[in-house]
Amino acid sequence: MRIRFDGKTVVVSGAGHGFGRCIAETFGQLGARVFGCDLSAELAETARAGVDTEVLDLTDRAAAAAWIAQIERITGGAVDVLVNNAGGVAEQQMRPIEEVPDVDWDRIFAVNIGAAFTLSRAVAAGMKRAGGGRIINISSGAGLGPSLTGIQAYCSAKHAVVGLTRQLAHELGPFGITVNSVAPGFVRSNAASERQWAGYGEEGQRALVERIAMKRLGTAQDIANSVVFFASELAGFVNGQVLAVDGGK
């Protein structure tokens with residue numbers, strides 16, 4: 001079976017770099033019309049790859065909803081696939097919990113679970129009218145266990161993404177909408193993960209790779225391929241699932 005998305009509208013948040021850029025470009029190569037948003041100046045690179053781009057702060061919920069409405073007007077229909085990829089550690093580092101200020105905790109929740117909630121809410125009505133759709137949330141190994149980052153808010157927010165995935169799968173399933181999640185292991189995909197990798201030092205890097213059954217790190221393309229599976233007809237009866245893409249642990 002050849003997987004194609006010709007005539008489909010795909011929305012990817014956090015499309016300026018890392019997983020998001022690779023996911024957006026992969027869907028474009030498979031025929032979809034892709035819309036991406038990011039805060040990053042690197043978004044211009046994605047635009048050159050044929051993705052319709054928007055500089056957008058997803059913590060502004062009104063602006064995020066307006067972006068989805070604009071896409072629906074442009075395409076004349078509902079969003080077919082939403083990939084909630086935006087997230088991350090918001091340039092934070094691990095600190096003892098007693099040293100974590102409210103603003104840092106709230107920021108990580110806003111850019112991870114808040115953004116996924118906002119965009120999912122925005123596409124739901126259109127998908128219901130269309131009789132189907134796909135929502136794929138990028139969680140993390142930190143959504144299934146403790147985080148390698150040690151950042152309390154990041155681990156908690158990614159667990160919340162998994163919870164949102166499972167709840168929406170039950171709520172939206174009767175309308176033909178599936179909601180699933182990809183949980184990446186450690187991948188050197190952006191500036192934050194490169195800093196984290198460097199921080200392990202040579203010994204720590206070797207130990208991390210040794211814990212992986214396949215004895216290698218994953219790639220952004222590994223993550224994009226898993227997203228494509230969930231978005232495809234091959235996953236038509238797959239709902240509420242969390243797929244760990246981590247090489248085996």
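T165 and N137 share a donor-acceptor pair across their side chains, judged by distance under 3.5 Å alone. Side-chain polar atoms of E194 and N190 form no donor-acceptor pair below 3.5 angstrom. Residues S181 and Q241 have side chains that never bring a donor and an acceptor to within less than 3.5 angstrom of each other.
For the atom pair D246 CG and M214 CE, the distance stands at 10.5 Å (nearest 0.5 Å). Put simply, CG on L243 and OG on S226 are 5.0 Å apart, with the number rounded to the nearest 0.5 Å. Between the OG1 atom of T118 and the CG atom of D60 there is a distance of 9.5 Å, given to the nearest 0.5 Å. Residue C37 holds its SG atom at 4.0 Å from CG of L58, rounded to the nearest 0.5 Å. Put simply, CG on N239 and CZ on F230 are 9.5 Å apart, with the number rounded to the nearest 0.5 Å.
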Where do I136 and V182 land on the side chain to side chain contact (heavy atoms under 4.5 Å, CB included) test, with the steps shown first?
CA-CA 7 Å; I136 301 111; V182 173; 4.2 Å; yes
Check against side chain to side chain contact (heavy atoms under 4.5 Å, CB included), V123 and V11:
CA-CA 10 Å; V123 302; V11 171; 5.8 Å; no
Side chain to side chain contact (heavy atoms under 4.5 Å, CB included) between L217 and V209, worked out
CA-CA 6 Å; L217 297 181; V209 173; 4.0 Å; yes
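A salt bridge between R21 and D38 is absent, with no side-chain N of the basic residue lying under 4.0 Å from a carboxylate O of the acidic one.
Contact between R33 and I74 at its shortest, heavy atoms only, is NH2-CG2, 3.6 Å.
Ring geometry for F186 against W197 counts as parallel: the plane angle stays under 30°, on a 0 to 90° scale with 60° as the upper cut.
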